[in-house]
Amino acid sequence: MPELPEVEVVRRGLAQHVVSRTISAVEVLHPRSVRRHAAGPHDFASRLTGRRVDDVRRRGKYLWLVLDEGDAVLCHLGMSGQFRIDGGDSEPKHLAIALALDDGQRLLFADQRTFGGMAFSEDGAELPHQIAHIARDPLDPEFDTAMFTTRLRKRQTGVKRALLDQTLVSGIGNIYADEALWRTPLHYARNTRHLRTREIDGLLHHVVEVMREALDQGGTSFDTLYVNVNGESGYFERSLAAYGQEGMPCHRCGTPIRREPFMNRSSYRCPVCQPRPRNGRW
DNA sequence: AAGGTCTCCTGAGGGC
DNA sequence: TGCCCTCAGGAGACCT
């Protein structure tokens with residue numbers, strides 16, 4: 001699924017194509033893709049229709065269209081959501097929501113697994129109330145490293161679990177968590193309570209570094225499930241050092257990268273550079 | 001109260 | 001060929 005770099009690529013593409021455009025019509029083809037809207041998809045459509053998009057913003061993996069008069073449309077790509085700018089000829093598979101714009105283009109939201117979706121957020125321009133609990137992401141100029149460190153140390157859990165907790169720090173998913181842990185290097189099960197300040201600073205540095213590099217490459221695309229608004233793939237997949245690299249030699253020491261289940265999903269690490277902690281303290 | 005698990009959904013790929 | 005199993009980049013509801 002798209003993590004911060006992929007969502008930021010999408011945000012930039014949307015900003016380019018939809019800012020200053022007015023939404024002339026809304027078609028909801030998959031009602032499940034309209035989230036947390038008790039009044040139903042038809043009401044959702046009517047609230048968007050006729051509104052001008054003034055900005056496109058992002059926090060972590062969420063992005064939102066800022067509408068005139070201060071409302072917003074909150075969007076999340078989930079595991080398989082994608083936005084496409086479409087002249088009107090082709091229809092992507094699993095098209096869920098189509099926004100017609102006043103310049104004749106359409107903004108299409110397609111989502112194979114329907115874990116993503118859109119939500120109307122009244123007065124949500126600054127920060128939609130639905131995501132008030134989501135922490136700032138590490139690329140946010142106002143990200144507070146000292147506060148993050150304090151909150152991290154109050155946890156009693158594995159460091160990767162903490163990295164994936166969007167209420168602690170947002171934007172990081174399974175790929176960039178594994179990449180940052182490999183770069184630092186740290187084992188995913190290291191106890192948050194006992195991380196040294198130097199280790200936390202190093203981890204944050206590598207989180208920012210790997211996400212900036214990925215952003216420069218247009219994000220990570222394993223398949224056609226993640227593409228930008230023009231349908232193009234990103235190229236960071238070829239730069240991954242840990243994620244998906246089972247059996248490949250570690251770029252530092254040559255030891256084969258190991259894949260193991262963690263949190264009902266896969267974690268990839270170098271068994272030599274990122275040794276398993278011997279006990280709860282280390 | 002916070003940590004950890006389960007579940008929503010479709011499709012791809014491997015083993016038999 | 002097809003059937004069944006596992007797995008996939010997320011996150012919120014729900015347990016303990």
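Chain letters run A, B, ... following the sequence lines, proteins first and then strands; every chain starts at 1. Note that the coordinates shown come from a computational prediction; the quantities given were computed from them, not determined experimentally.
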Donor + acceptor pair across side chains of [X], [Y] (<3.5 Å):
X	Y	answer
A:Tyr176	A:Thr220	yes
A:Thr197	A:Arg153	yes
A:Glu237	A:Tyr226	no

Q: Using a 4.0 Å heavy-atom cut-off across all strands, classify A:Asp223 as base, sugar-phosphate, or nothing.
A: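 Result for A:Asp223 = base.
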
(Q) Students often get this wrong, so: under 4.0 angstrom with heavy atoms, is A:Phe222 touching a base, only sugar-phosphate, or nothing? (A)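 Here A:Phe222 touches the bases of the nucleic acid.
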
(Q) I'd like to check A:Asp165 versus A:Arg155 (side-chain heavy atoms, cut-off strictly below 4.5 Å). Are they in contact? (A)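 Yes, their side chains come closer than 4.5 Å.
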
Return the nearest nucleotide to the side chain of [X]; candidates are [options].
X	options	result
A:Arg32	B:dG3, B:dT5, B:dC9	B:dC9
A:Tyr62	C:dC7, B:dG4, C:dA11	C:dA11
A:His76	C:dA8, B:dC9, C:dA11	C:dA11
A:Thr114	B:dC9, C:dA11, B:dG3	B:dC9
A:Ser266	C:dC7, B:dC9, B:dG3	C:dC7
A:Arg259	B:dT5, C:dC7, B:dG3	C:dC7

Look at [X] and [N] and indicate whether a side-chain polar atom (N or O) is within less than 4.0 Å of OP1 or OP2.
X	N	answer
A:Gln166	C:dA11	yes
A:His133	C:dG12	yes
A:His94	B:dG11	yes

What is the distance, to the nearest angstrom, from the [atom1] atom on [X] to the [atom2] atom on [N]?
X	N	atom1	atom2	answer
A:Leu152	B:dA2	CG	C1'	14 Å
A:Arg36	C:dA11	CZ	P	11 Å
A:Leu163	C:dA11	CG	C1'	16 Å
A:Arg265	B:dC6	CZ	C1'	13 Å
A:Phe262	B:dT5	CZ	C1'	13 Å

Q) Is there a donor and acceptor pair, one atom on the side chain of A:Arg113 and one on the base of C:dA8, closer than 3.5 Å? A)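 Pair found.
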
Q: Mind telling me whether A:Trp182 and A:His251 have parallel, tilted or perpendicular rings, with 30° and 60° as the class edges?
A: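 Rings of A:His251 and A:Trp182: perpendicular, as their planes differ by over 60°.
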
Q: Just say parallel, tilted or perpendicular for the rings of A:Tyr243 and A:Tyr268, cut-offs at 30° and 60°.
A: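 Perpendicular, since the angle between the ring planes exceeds 60°.
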
Q) According to the ring pair (Phe, Tyr, Trp, His ring centres under 6.0 Å) rule, which pairs have a member within residues 121-173 of chain A, sequence neighbours left out? A)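 Listed by first then second residue: A:Phe143-A:Phe148.
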
Q. If you write DNA chain B from 5' to 3' in dot-bracket form, with Watson-Crick or G-U pairs under 3.5 Å, [ ] for crossing pairs and | for pairs with another strand, what do you get?
A. .|||||||.|||||||

Q | Ring-base stacking, A:Phe115 with B:dC9 (5.5 Å, 30° cut-offs) | A |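 No; centroid distance or tilt outside limits.
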
Q | Nearest-nucleotide comparison on DNA chain B, the residue closer to the 5′ end among A:Arg155 and A:Asn264 | A |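 Counting from the 5' end, the first nearest nucleotide belongs to A:Arg155.
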
